[in-house]
Amino acid sequence: MNNPAQGLGAIFYKEVRHMRRDPMAILFALVIPVLLMIILGTAIDTNIRQVRTVVYDASGSAMMSAVSGSSMSRAFLDRLRNSDTFRIYKYVSSDAELNRELIAGRASVGIKVPVDFDRDLLKGNQAQVLVLVDGSDSNVAGQAVNVSSSLGLDESLRRMMPAGGRQAIEVRPKMMFNPASRSPNFLLPGLMSVLLILVTVLLTAFSIVREKERGTIEQLFVTPVRPLGLMLGKIMPYFVTGTVEFTVIILFMRFVFKIPIHGSVLVLAVLTAGYLFVNLAIGMLISSKANSQAEALQMCMVVMLLSIFLSGFMFPRETMPTWAYLASHLVPATYMIQIARGVILRGAGLAQLWINGVVLFAMGAGLLLLAAKRFKNMTV
Amino acid sequence: MLAIQTQKLTRRFGNFVAVNQASIAVEKGEVFGFLGPNGSGKTTVIKMLTGILPITEGEAWIEGIDVAKNVDAVRERIGYMSQKFSLYDDLTVMENLQFYARAYQLKGKKLAQKIEETIAANKLEKYVDRLAGRLSGGWKQRLALGCALMHEPTVLFLDEPTAGIDPVARRQLWDLLFQLSGQGITFFVTTHYMDEAERCSHLAYIYYGELIADGTPDALRSLPEVNPPGTHRFEISAPAITTALRKAKEMTLFKNATIFGRSIHALVDESVGQEELGRELRKRGIAVEEIRPLIPTLEDAFVELSQRRQAQMEVAS
Ligand SMILES: Nc1ncnc2c1ncn2[C@@H]1O[C@H](COP(=O)(O)OP(=O)(O)O)[C@@H](O)[C@H]1O
Ligand SMILES: [Mg+2]
């Protein structure tokens, strides 16, 4: 009796048969992530384009022309429109109307060109444009402010230059790794990290908690099956399931979403194995604590939410409050998201990411031993 | 050497004492019946003896081996069939057998041979490919027993093995137990059935954590607490049995009276003979059909012991 993983083979034998009897659970676990990926990958575009914009151009009103606005203000507004950030859907003719559109939520941005816009420009005074931004969506607001002020800057520089002159400095930004700046490219590697939690944590936790509910776990405790054997025997089939899911997700990313994978898929797979391992260990730890499937589900949801909010999947870690930033180091998904984005988007390899792999495997081993200890204490 | 022995075995859950200083001694080859109302601590005792639950205080030995010190050696010797049969409903009979055989570290030829044997011994041939969840109670129980015996244990713990099983299957299981006990296996069985208790070679009765009786069925029936000096027992048959009982209980000559089927089992003052009892009852308008002297049954014994214990506990608190 010196094999600490005694009984592994027996548990594995049984677990594979449980899975065969319940293909729906596995299918469910594989199909849900794919569905989520399709929904999030196609429906959510976090790049801000075509913001509904209302314009009150007072500059032309002095001339009483049929078309509102002066030629200068129209040129400026055209540039705004060409930025692709703003979509001008309506021109209004009073401050009150402008406000009404914003308050009603029909417009996210309201632009007012004042009466003396042309006159100020011609005199060489500073002309003003008022940009009212609905701050209730901070992403949209930020982008609107940025684009409008850079347009203003651009316009000012151009007027200061002598005709035919050139800007002293031209900044030429070039996106290196995601040239089209497509958000699915950025979103899906992160999403993969979150989705892999589902099959691993949830299914392993359930498989042991079910034995508690049925009372079969006590029967197991009187056999020579050791806690480590029990856990590894339970983990292995779900490790395989997790690997299958990983493969499906990668294939979807590559061939359905056409996201180029710049690094080595093998490196990604090896590092992902570490991530699967941590999640399976978390599942085990949950099952050592929970006594019912409902309880286990709640604990899994906590893991899921922490992974979504702290890992950098939803919010950039750099802008988190200090406590959240520190806590994000304890969330395995943080390391996995760095791995996935690194390999897929930047072509990073083991040289850059080995430390993430080490952290994940170490976390997994630690949690698994903790769970084994808890199972051991459950019996004598 | 005793097959099972405990010394002041105690288990607490927080402040609640589930088992209080229970000392038990079971000889090899005995069929030991462990009885008591629900929630009295029967399962808790079994879990401590099988090493599933830690012992709070006291000691326990299986075939001389200390359970707390050497649980692995104990587990090689014991089998356990828990209250719910502990089978995997979504696995077939064969898969359940395969799993338990592997869990007990059987391999290769020995594994195949042992499974074959178990199937034959329990007549499971027709059901090997059926899901365990689809078996009837009796067959489930046979399969569970087969699984628990896979590693040839010498002490077997069965927790309410016949709960919810039809009478024929019940009878068959007990026949099987005696056959195995003939081969030297010791049984520790909990049950609520008196006919099963009656067949045990040794009984103990636990009442809310306290072990209050221990001995052969005959010894328990003839306990002085069950047969208080100055009383004797009669079985009284009468129509309208509940009304009869109510009226009887008003009479001072009754020490105790309980309905059993269509008759009353009564503990009556010794000074009142069989004929006088009949006269007294008829005087009260009870149409007595028959009165017979009665040797106490096991159930009488347990009811008597429980009531006395309950009274003591009420006085104490
Ligand atoms: N894990 C536990 N935690 C707290 N109380 C328990 C636990 N297990 C059993 N008990 C309590 O111990 C008492 C004895 O239970 P049990 O041994 O199952 O009784 P029996 O098998 O005789 O019906 C009951 O009151 C039960 O509620
Ligand atoms: Mg019980």
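Naming: A, B, ... by sequence-line order, numbering from 1 per chain.
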Exceeds 12 heavy-atom contacts within 6.0 angstrom, atom CE of B:Met1: yes

Could you tell me whether the side chain of A:Glu218 reaches within less than 4.5 Å of the side chain of B:Ile46, counting heavy atoms only? no

Using only atom types and a distance under 3.5 Å, with no angle test, would you say the side chain of B:Arg75 pairs donor to acceptor with the backbone of A:Pro224? no

Indicate yes or no: at least one non-hydrogen side-chain atom of B:Glu95 is less than 4.5 angstrom from one of A:Arg20. yes

Should B:Asp72 and A:Arg226 be marked as a salt bridge (charged side-chain N to carboxylate O under 4.0 Å, His left out) after you check the CA-CA gap, both sets of side-chain angles, and the distance that decides it? CA-CA 10 Å; B:Asp72 285 336; A:Arg226 295 263 172 120; 3.4 Å; yes

Part of A:Arg210 within contact of chain B (heavy atom distance under 4.5 Å): neither

Check whether more than 12 heavy atoms from other residues, nucleotides or ligands sit under 6.0 Å from atom CD of B:Glu117, and answer yes or no. yes

For residues B:Tyr104 and A:Val222, determine if any side-chain heavy atom of one lies less than 4.5 Å from a side-chain heavy atom of the other. yes

Give, as side chain, backbone, both or neither, the part of A:Arg214 having an atom under 4.5 angstrom from any heavy atom of chain B. both

If you take all heavy atoms of A:Arg21 and B:Leu131, which pair is closest and at what distance? NH1-CD2, 3.7 Å

Of all of B:Leu91, B:Val74, B:Asp89, which one pairs up most often with chain A through heavy atoms under 4.5 Å apart? B:Leu91

Portion of B:Met81 that has a non-hydrogen atom of chain A nearer than 4.5 angstrom: backbone

Taking all non-hydrogen atoms of both residues, which atom of A:Gly215 and which atom of B:Ser82 are closest, and how far apart? O-OG, 4.3 Å

Just checking, is any N or O donor in the side chain of A:Glu211 or B:Tyr88 under 3.5 Å from an acceptor N or O on the other one? yes

For A:Tyr13 and B:Phe99 the tightest heavy-atom approach is CE2-N, 4.0 Å

Could you measure the distance from the CZ atom of B:Arg102 to the NZ atom of A:Lys14? Nearest 0.5 Å is fine. 13.0 Å

Checking heavy atoms, do the side chain of A:Ile11, its backbone, both or neither come under 4.5 Å from chain B? both

Closest approach of A:Thr216 to B:Leu87 (non-hydrogen atoms, all atoms of both residues): CG2-O, 3.6 Å

